[in-house]
Amino acid sequence: MLLVLLAVILAVGVIAAVVLVASGGDGSSDKKRPTESGSTTGKLPSPSLSIPSQVPSELPSLPSGVPSELPSGVESFLPSLAGDEVPYYMLRTGDCFDIDDDRPGQAVKRSCGGKHDAEVVKVTELEGAYTTDAALKKAASGLCQEPLDDKAAKQPTGTVRGTLVQYPDPAGFKIGIDKVTCSLAANAGEGDRKLTKPLR
C-alpha cells in the first residue's frame with residue numbers, strides 16, 4: 001500500500017513537470033501576448049514537448065516513525081468493496097439495509113421497496129470527548145431518541161418493532177469517526193420479520 005502511494009506521488013510529479021514544460025511555464029509572469037492580425041493564413045506555432053528521459057531508479061523513503069501498516073482493528077472502519085456492504089457510518093437518511101450479526105458495524109444496502117431489516121431515519125454526529133463505550137452509547141442514544149420517536153409515531157401499528165442506534169466504539173471515535181446512525185427496524189433483535197416498503 002505504501003509503495004502504491006509513493007508511485008502515485010511520483011506519477012503526479014512527473015505529470016506536473018510535463019504540463020509545466022508543455023505550457024512553457026517557468027514561473028515568470030512577464031509573458032508577451034501574441035499580436036493580433038487580420039490574416040488567418042499565417043502558420044500557427046506548434047508547442048514543443050520535452051519529457052525527462054530518466055526516471056529515478058529508487059523511490060524516496062519515508063521518514064522514520066511513519067507506520068507502514070494500519071493498526072489492528074481498523075479494518076471494520078474501512079469500506080468493503082464486496083456487494084452492497086458498507087460501514088454503518090456511510091449510510092444516509094432514507095437508506096434501507098440489512099444487518100449481519102456476524103459483521104457488526106456493517107450494513108448491506110437494500111431497496112426500500114423490497115424486504116429489509118431497517119431504514120435510516122437520521123444521521124447525526126457526536127460532539128464532545130468520550131472515552132468509554134458506555135458514554136458513547138448514552139450520547140448516541142440521546143441524539144436518536146426524539147427523531148426515532150417522532151418517525152415511529154407516524155408508522156402504522158405493528159410496522160416497526162425496534163430501534164437501531166449505530167455509533168463508533170472508542171477506538172473509532174478516537175480516529176475521527178463521529179457519525180451516529182438512527183434507524184427504525186422491523187424487529188428488535190430476534191425473528192425474521194422484515195420491512196417491505198419505505199417508512200412514512
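As the structure is a prediction and not an experimental result, all values here were calculated from the model. Index from 1, following the sequence. These numbers come from the heavy atoms of this one structure, side chains and all, not from hydrogens, waters or symmetry mates.
- You'll find the side chain of Pro170 reaches within 4.5 Å of the side chain of Asp133, heavy atoms only.
- Side chains of Phe97 and Asp117 form no contact here, defined as non-hydrogen atoms less than 4.5 Å apart.
- Heavy-atom minimum distance, Val123 versus Thr93: N-OG1, 3.6 Å.
- Proximity of Leu199 to Val160: side-chain heavy atoms (C-beta onward) are separated by under 4.5 Å at one or more points.
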Could you pull out all donor-acceptor pairs under 3.5 Å where a side-chain atom in residues 146-159 meets a protein atom, sequence neighbours excluded?
from: Asp149; atom 1: OD1; to: Gln145; atom 2: NE2; distance (Å): 3.2
from: Asp149; atom 1: OD2; to: Gln145; atom 2: NE2; distance (Å): 2.7
from: Lys151; atom 1: NZ; to: Arg200; atom 2: O; distance (Å): 2.7
from: Gln155; atom 1: OE1; to: Arg200; atom 2: N; distance (Å): 3.0
from: Gln155; atom 1: NE2; to: Lys151; atom 2: O; distance (Å): 3.0
from: Gln155; atom 1: NE2; to: Arg200; atom 2: O; distance (Å): 3.1
from: Thr159; atom 1: OG1; to: Pro156; atom 2: O; distance (Å): 2.7

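- Side-chain contact between Leu126 and Pro168: present, with at least one pair of heavy atoms (C-beta onward) separated by less than 4.5 Å.
- Cluster annotation: Val165 is connected to Tyr130 through the hydrophobic network of ILVMFWY side chains, with a link wherever side-chain heavy atoms come within less than 4.5 Å.
- Taking 4.5 Å as the limit, every side-chain heavy atom of Val180 sits out of range of all side-chain heavy atoms of Glu125.
- One finds a salt bridge joining Asp98 and Lys194 here, because a Lys/Arg side-chain nitrogen approaches an Asp/Glu carboxylate oxygen to under 4.0 Å.
- No more than 12 heavy atoms of other residues, nucleotides or ligands lie within 6.0 Å of CD in Glu127, so this atom counts as exposed by the packing criterion.
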Leu143 and Ser141: CA distance, side-chain angles, deciding distance, side-chain contact (heavy atoms from CB on, under 4.5 Å) verdict:
CA-CA 5 Å; Leu143 290 170; Ser141 295; over 6 Å; no
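- Heavy atoms only, all atoms of each residue included: Thr132 and Ala135 are closest at OG1-N, 3.1 Å.
- Between Arg110 and Lys115 the shortest side-chain heavy-atom distance does not fall below 4.5 Å.
- If you chain together hydrophobic residues whose side chains sit under 4.5 Å apart, Leu91 and Val108 never meet in one group.
- Between Cys182 atom SG and Gln166 atom CD the span is 9.5 Å, to the nearest 0.5 Å.
- In this structure, SG in Cys112 is found 9.0 Å from CG in Leu195, a value given to the nearest 0.5 Å.
- Connection of Val120 to Ile177 is established within a shared hydrophobic cluster, with ILVMFWY side chains joined at heavy-atom distances below 4.5 Å, either directly or through further cluster members.
- The line from SG of Cys144 to OH of Tyr167 is 11.0 Å long, rounded to the nearest 0.5 Å.
- Within the 4.5 Å cutoff, the side chain of Asp101 has heavy atoms near those of the Ile99 side chain.
- Rounding to the nearest 0.5 Å gives a distance of 7.5 Å between CE of Met90 and NZ of Lys109.
- The CD atom of Glu119 sits 12.5 Å away from atom CG of Leu164, with the distance rounded to the nearest 0.5 Å.
- Atom-to-atom distance recorded for Asp95:CG and Ser111:OG is 11.0 Å, nearest 0.5 angstrom.
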